[in-house]
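Okay, so here's the structure we're looking at.
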Protein chains: 2
Amino acid sequence: MITEEHHAIRRRERRAQTRTALLDAAERLWAERGIRGASLEDIANAAGLTKGAVYSNFTGKTDLLLALLERYTRADLGLEMCAREDEARLPVLLLVEFWLYGMRDYSAGWRIADWYAARRDTLAQGFPEENGMPSDQRATLAMAMDFGLTLQRLLDPDRVGADTYAAGMRLVLE
Amino acid sequence: MITEEHHAIRRRERRAQTRTALLDAAERLWAERGIRGASLEDIANAAGLTKGAVYSNFTGKTDLLLALLERYTRADLGLEMCAREDEARLPVLLLVEFWLYGMRDYSAGWRIADWYAARRDTLAQGFPEENGMPSDQRATLAMAMDFGLTLQRLLDPDRVGADTYAAGMRLVLE
DNA sequence: ATCCTTGGCTACCGTCGGGTAACCAACAAA
DNA sequence: TTTGTTGGTTACCCGACGGTAGCCAAGGAT
């Protein structure tokens with residue numbers, strides 16, 4: 001039986017779907033071209049919609065950005081991003097975009113900083129406190145190594161091989 | 001005595017000065033606001049000039065960008081960028097801008113990749129081959145740790161302290 | 001069957017930014 | 001002094017982008 005609430009729910013679902021579609025498109029295009037490099041119209045078209053849909057679901061570009069940042073920082077990139085490098089390329093690009101944005105916009109900065117902190121905490125719980133180094137410090141170093149190697153490797157996979165990546169992670173994970 | 005060549009030289013010098021002034025302004029503004037965030041007019045005005053001066057000295061925005069990249073990759077940031085953190089903020093921001101640009105523009109990508117490689121080589125010469133790890137690999141790891149820690153520390157200096165930075169560099173430099 | 005809400009579309013505006021062309025002043029060459 | 005060149009300014013064009021307003025159709029409510 002189909003009730004009125006049922007309809008209302010389907011309605012909300014459809015709206016959520018368009019929101020998701022827009023966020024997906026923004027995530028992909030902004031990763032590919034940079035935040036200022038993809039316009040709202042580009043994003044809407046990529047989602048099979050028009051710019052109006054964006055303004056119907058978000059108050060503006062920065063709102064869309066913050067919503068994406070919100071969703072992005074909930075979902076977890078697994079540790080060791082460089083493991084499958086082709087797959088990691090776009091997420092890392094977007095992460096760097098967000099880092100830059102956060103460095104310049106204070107209100108977004110704390111959110112990214114918090115995400116990093118949460119990631120470190122999660123990671124630290126996997127490390128037993130050993131060798132005199134606190135586990136949270138070790139987590140910070142692991143993230144740093146992972147990130148620093150990924151940046152070099154994505155830019156120049158020939159000269160920064162998978163073996164170097166493995167050696168780095170081994171060193172920091174003892 | 002003032003010869004004709006003397007004049008010609010002063011002329012060339014003045015031109016070189018305006019070029020430098022434009023490059024300086026671009027370096028600062030692009031670091032502060034991002035490459036797409038500062039227009040040619042902004043840059044020219046910051047240098048006390050007008051947009052026309054840019055087009056008199058460079059063929060366009062990307063040419064100015066490449067010239068700056070060229071100059072930037074000649075000058076050397078010392079290793080351990082995070083040592084004096086306030087001083088490092090802008091250079092690191094610009095470096096990340098360049099990294100992103102290089103990841104998306106193939107023709108610029110190899111230049112940045114080469115710069116990284118040269119940095120690694122220079123660094124590697126300071127490392128004796130020891131403990132079974134090749135010195136060039138150690139250089140890669142040192143850069144990765146330095147960079148990864150700097151990114152985290154610039155974003156959140158409270159939670160990523162100088163001690164952690166020191167510990168990371170110690171670990172990788174043995 | 002009728003009304004009204006909602007979600008998305010279309011057309012439009014103002015601004016901004018890269019790029020161009022005409023112009024002009026300083027200055028070197030004669 | 002006159003002439004030509006060079007370095008920079010001014011005014012303008014055009015496309016793109018963020019944002020707004022009015023419209024319209026789908027589809028729930030009554």
Side-chain angles (χ1 to χ4, degrees), chain A residues 1-26 29-30 32-68 97 101 104-105 108, chain B residues 1-26 29-30 32-68 97 101 104-105 108:
Chain A
M1 174 190 183
I2 297 180
T3 73
E4 318 78 39
E5 293 147 27
H6 225 104
H7 288 275
I9 286 175
R10 288 186 61 95
R11 198 121 159 208
R12 253 175 285 159
E13 274 175 3
R14 280 188 64 87
R15 188 154 176 85
Q17 279 173 16
T18 67
R19 252 185 91 96
T20 303
L22 289 171
L23 287 171
D24 289 345
L29 288 189
W30 281 344
E32 284 175 5
R33 311 182 197 168
I35 293 174
R36 300 188 86 121
S39 71
L40 293 181
E41 199 163 14
D42 294 336
I43 291 167
N45 290 347
L49 297 164
T50 62
K51 206 171 31 156
V54 175
Y55 283 95
S56 172
N57 283 276
F58 305 91
T59 69
K61 188 171 189 179
T62 64
D63 187 38
L64 175 60
L65 212 184
L66 291 180
L68 178 59
E97 287 283 339
Y101 191 84
R104 286 167 183 144
D105 183 319
Chain B
M1 175 188 179
I2 296 178
T3 74
E4 319 76 41
E5 292 149 27
H6 225 105
H7 288 275
I9 286 174
R10 286 189 65 94
R11 199 124 156 205
R12 253 176 285 159
E13 275 175 2
R14 280 188 66 89
R15 187 154 177 84
Q17 279 174 17
T18 67
R19 251 186 93 96
T20 303
L22 289 171
L23 287 171
D24 289 344
L29 288 189
W30 281 345
E32 284 175 6
R33 310 182 197 168
I35 293 174
R36 301 188 88 119
S39 71
L40 294 181
E41 198 163 15
D42 293 337
I43 290 168
N45 289 348
L49 298 164
T50 62
K51 205 172 29 159
V54 175
Y55 283 94
S56 173
N57 282 276
F58 305 91
T59 69
K61 189 172 188 178
T62 64
D63 187 39
L64 175 60
L65 213 183
L66 291 179
L68 178 59
E97 288 284 337
Y101 191 85
R104 287 168 183 143
D105 182 318

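First the proteins, then the strands, lettered A, B, ... as listed; each starts at 1.
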Original post:
Between B/Ser56 and D/dG7, does any side-chain N or O lie under 4.0 Å from OP1 or OP2?
Top reply: no

Original post:
What integer distance in Å separates B/Leu64:CG from C/dG19:P?
Top reply: 11 Å

**OP:** Could you tell me which non-hydrogen atom of B/Ala38 sits nearest to which non-hydrogen atom of B/Trp30, and how far apart they are?
**Re:** O-NE1, 3.2 Å

Original post:
What are the two closest non-hydrogen atoms of A/Gly34 and A/Glu97, and how far apart are they?
Top reply: CA-OE2, 3.3 Å

**OP:** Take the protein atom CZ of B/Arg19 and the nucleotide atom P of D/dT6, then report the distance between them rounded to whole Å.
**Re:** 17 Å

Original post:
Roughly how far apart are B/Glu13 CD and B/Thr20 OG1, rounded to 0.5 Å?
Top reply: 11.0 Å

Subject >> Interatomic spacing from OG1 in A/Thr50 to OH in A/Tyr55 - rounded to 0.5 Å >> reply: 12.0 Å

Report, one pair per line, the protein and nucleotides 15-19 of chain D atoms (nitrogen or oxygen only) whose separation is under 3.5 Å.
{"residue": "D/dG18", "atom": "OP1", "partner": "A/Lys61", "partner atom": "NZ", "Å": "2.7"}
{"residue": "D/dG18", "atom": "OP2", "partner": "A/Leu40", "partner atom": "N", "Å": "2.9"}
{"residue": "D/dG18", "atom": "N7", "partner": "A/Lys51", "partner atom": "NZ", "Å": "3.3"}
{"residue": "D/dG19", "atom": "OP2", "partner": "A/Tyr55", "partner atom": "OH", "Å": "3.0"}
{"residue": "D/dG19", "atom": "OP2", "partner": "A/Lys61", "partner atom": "N", "Å": "3.1"}
{"residue": "D/dG19", "atom": "O5'", "partner": "A/Tyr55", "partner atom": "OH", "Å": "3.4"}
{"residue": "D/dG19", "atom": "N7", "partner": "A/Lys51", "partner atom": "NZ", "Å": "3.2"}
{"residue": "D/dG19", "atom": "O6", "partner": "A/Lys51", "partner atom": "NZ", "Å": "2.4"}

Nucleotide N/O to protein N/O under 3.5 Å, stretch nucleotides 23-26 of chain C:
none

Subject >> Phosphate OP1/OP2 of C/dG8 contacted by A/Arg15 side-chain N/O (<4.0 Å) >> reply: yes

**OP:** Mind calculating the distance between CG (B/Leu49) and P (D/dT10) to the nearest angstrom?
**Re:** 11 Å

Original post:
In whole angstrom, what separates B/Asp63's CG from C/dG19's C1'?
Top reply: 14 Å

**OP:** Could you check how far CG of B/Asn45 sits from P of D/dG8, rounded to whole Å?
**Re:** 15 Å

Original post:
Are B/Arg12 and D/dG7 close enough that a side-chain N or O sits under 4.0 Å from OP1 or OP2?
Top reply: no

**OP:** Map B/Ala53 and A/Gly52 onto DNA chain D by nearest heavy atom, then report which one ends up closer to the 5' terminus.
**Re:** B/Ala53

Taking only distance into account, with no hydrogens and no angle test, what donor-acceptor pairs under 3.5 Å do side-chain atoms of residues 57-64 of chain A form with protein atoms, sequence neighbours excluded?
{"residue": "A/Asn57", "atom": "ND2", "partner": "A/Ala53", "partner atom": "O", "Å": "2.9"}
{"residue": "A/Lys61", "atom": "NZ", "partner": "A/Ile35", "partner atom": "O", "Å": "3.1"}
{"residue": "A/Asp63", "atom": "OD2", "partner": "A/Thr59", "partner atom": "N", "Å": "3.0"}

Original post:
Could you state the interatomic distance from CG (A/Leu40) to CG (A/Leu22), rounded to the nearest 0.5 Å?
Top reply: 9.5 Å

**OP:** Measure the CG-CD1 distance between A/Asp24 and A/Ile43 for me, rounded to the nearest 0.5 Å.
**Re:** 11.5 Å

Original post:
Does a sphere of radius 6.0 Å around CZ in B/Arg104 hold more than 12 heavy atoms from other residues, nucleotides or ligands, not counting ones at 6.0 Å or beyond?
Top reply: yes

Subject >> C/dG7 phosphate, OP1 or OP2, under 4.0 Å from A/Asn57 side-chain N/O >> reply: no

Original post:
Is any side-chain N or O of B/Thr18 closer than 4.0 Å to OP1 or OP2 of D/dG8?
Top reply: yes

Original post:
Backbone N or O of A/Ser39 within a donor-acceptor pair of the A/Asp42 side chain at under 3.5 Å?
Top reply: yes

